Protein chains: 2
Amino acid sequence: MRLFYDPNIAPNTSSHQLSEEESKHIVRVLRSQVGDTIGILDGKGHLYTCEIADAHPKRCLLNIVNADFETQSESEIHIAVAPTKQMERIEWFVEKAVEIGATKFTLLDCKNGERARIKTDRLIKKAISAMKQSQRRYLPEIVELTSFQDFLKAHPFGLLAHCYKEEKKDFSEVFQSKDCPILIGPEGDFSESEVQQALEQGYIAVTLGTNRLRTETAALYACMQAKLLIGT
Amino acid sequence: MRLFYDPNIAPNTSSHQLSEEESKHIVRVLRSQVGDTIGILDGKGHLYTCEIADAHPKRCLLNIVNADFETQSESEIHIAVAPTKQMERIEWFVEKAVEIGATKFTLLDCKNGERARIKTDRLIKKAISAMKQSQRRYLPEIVELTSFQDFLKAHPFGLLAHCYKEEKKDFSEVFQSKDCPILIGPEGDFSESEVQQALEQGYIAVTLGTNRLRTETAALYACMQAKLLIGT
C-alpha cells in the first residue's frame, strides 16, 4: 500500500479531503483512481487506510476504511548537530537518522559553525520521505538553529562528542534513553569554552572511536549506537 | 598537514616525483611552493611526510622527510552489497563506510538487483577521499560486480541480512572479525532461492532491527555494528 503524509487528517472521521498539492500528486502524477487504496500517515502515530472516493485533481476525497494507532516509544534519540557547510550532507544525515530511529533533531549554532542560518523546510521534507520509507509512525521534530548557550539552558544534561585530547567516556556506558541529547560539533569542533561550559553543567564528554569522522558521519554513528543500546 | 594519495611512492626512497595530475593539483590549484610540507598516503600503511623540492606544475618533486608505517589491523569488515539504482546512494555508503572502518567492499549482482553493471572508479575516488578525510592508512579494496553464486563459491561463510519472515540471529551474536562478509540485498531483497543457497552453505541470517531500511542504510548500519563489536 502506497503511503502518504498528511498531518491534518482528523482522528475519528470517516472521510478526508487531501490538500490541493497532494490531490494533484495522487490523481495527476500517480494516476490514482476511485476505489484505489492508499495509506496516510499523520506523523503522530496514526496510519489511515483510505479508499479514494473522488479522484478530483484539486480536492481528492478519501473514505477512511481503517485507522490504526501506535503509541510512541518512550525512548528518545535527540541529536543536536552543527549543520554542515554543504546542505546535502546534513540532509543526508537527517534522512538516514530518521530511518534508523532518531526522534528529535536540533540544529546547533556553534562558535566554529559553518552556517549562520539554515532552512529547515528541506530537512523536514527529507524526514517525511524517510518516515514513509521506513514506515515509522512518528515524524521527528526538527528544531531551528539554536545557539549552543540557549541549548545548554534548555537541556540540563547531555553527551558531548568533541575531539580534544581529554578524558572521555565510552558512549555505551553513559547514554540514557531519556533527556540525553547527543551533541555533535562542526568540522572545526566545539570551541574550548563551549566544551568547558557543557562539562561544568554536567554534560559528559564521549568518544565515538578513534577514526576522525565528518560531522554528519559522527552524528549518524552516535544515532546508530543509541538505537543499538535502546534495542529494536 | 595536507594529505594526498599516491600508491606508487616507493618505500626506502628519499625523493618522489608526483604524477602530472597530482603535480598540477598541488602546484597550480593549491599554489603549494618549494619548502611546503605535505603528507602522502600510499593506501598500504605508509604516511610519508614530504617537503616540496621542485614545485613543477607537471613533475612536482618531493623530498621524503619521514616515512611512518602502520601495520594493518587483522579485523575485517567486508560488506557485500547490491548496488543501488541511484549511484549517489552507493557512493555515499562507500564514503561513510570507509570513514567508519570498512576494509573491503564487494558489489553483489543479485536476482532482484537494480544494476546490471556499475563502474567502480567513482567509488574508488570516494574511498580515497574518505581515507584521507578519516586519516586511515589502508585503502579498502572494492571488488567489481560479482554474481551472488560466484560470491558464495569464493566465501564459504558469511552473514545474510534479508527481510523474509524467518528465524534470524542478532548481528552481534554471530559476527566474526575474520572471513565473515556481511551480505546486504537490493531494495527488492534477495530472492528466496538466493537466501536458501546461502543458508544451505552455512551462512547465517541476521536481523538489523525492526525498521525497514534502504539498502545503503542497512549496509552502513551493519558496518557500524561490526566496527562497534571490533572496538576502536
Side-chain angles (χ1 to χ4, degrees), chain A residues 3 70 73 75 77 84 86 88-103 126 129-138 140 163 168 170-173 175 187 206-232, chain B residues 3 70 73 75 77 84 86 88-103 126 129-138 140 163 168 170-173 175 187 206-232:
Chain A
L3 292 179
E70 209 174 87
S73 155
S75 300
I77 301 178
T84 53
Q86 290 170 283
E88 62 178 31
R89 291 189 172 274
I90 196 77
E91 286 177 1
W92 160 83
F93 159 69
V94 167
E95 175 184 305
K96 297 312 170 197
V98 170
E99 279 184 61
I100 293 299
T103 57
K126 285 284 180 185
S129 71
M131 175 184 68
K132 291 189 284 189
Q133 153 68 28
S134 55
Q135 302 184 348
R136 288 186 60 192
R137 291 293 183 90
Y138 289 85
C163 305
K168 295 170 197 167
D170 185 43
F171 184 89
S172 61
E173 289 170 17
F175 174 73
E187 295 295 339
V206 293
T207 171
L208 297 172
T210 51
N211 286 16
R212 192 174 75 166
L213 304 176
R214 285 181 175 278
T215 292
E216 74 277 11
T217 317
L220 189 69
Y221 196 31
C223 178
M224 289 184 167
Q225 287 194 49
K227 176 66 177 176
L228 287 168
L229 291 166
I230 288 169
T232 57
Chain B
L3 293 177
E70 209 174 87
S73 154
S75 301
I77 302 178
T84 53
Q86 289 170 282
E88 63 178 33
R89 290 189 173 277
I90 195 77
E91 285 177 2
W92 160 82
F93 159 69
V94 167
E95 175 184 308
K96 297 310 168 197
V98 170
E99 280 183 60
I100 294 299
T103 56
K126 285 283 179 185
S129 71
M131 175 186 67
K132 290 189 286 189
Q133 154 67 28
S134 55
Q135 302 184 348
R136 288 185 59 192
R137 290 293 182 88
Y138 289 85
C163 305
K168 296 169 198 169
D170 185 44
F171 183 90
S172 60
E173 290 169 16
F175 174 73
E187 293 295 338
V206 293
T207 172
L208 297 173
T210 50
N211 286 17
R212 192 173 76 167
L213 304 176
R214 285 181 175 278
T215 291
E216 74 277 11
T217 316
L220 189 69
Y221 197 29
C223 177
M224 289 185 169
Q225 288 194 50
K227 177 64 177 175
L228 287 168
L229 292 166
I230 288 170
T232 59

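The structure displayed is predicted, hence computed values, not measured ones. Lettering of chains follows the sequences in order, A, B, ..., and the numbering in each one begins at 1.
If you measure heavy-atom distances from Q135(A) to chain B, the contacts under 4.5 Å come from the side chain alone.
Considering L208(B), N211(B), T217(B) in turn, T217(B) is the only one that fulfils the side chain to side chain contact (heavy atoms under 4.5 Å, CB included) rule with I100(A).
Atoms OH and CD, from Y221(A) and E99(B) in turn, are 12.0 Å apart once rounded to the nearest 0.5 Å.
Residues passing the side chain to side chain donor-acceptor pair (under 3.5 Å) test with T103(A): none are found, sequence neighbours excluded. Residues passing the salt bridge (charged side-chain N to carboxylate O under 4.0 Å, His left out) test with E95(B), sequence neighbours excluded: R89(A), R214(A), K126(B).
Nearest heavy-atom pair, M224(B) versus M224(A), reported as atom, atom and distance to 0.1 Å: SD-SD, 2.7 Å.
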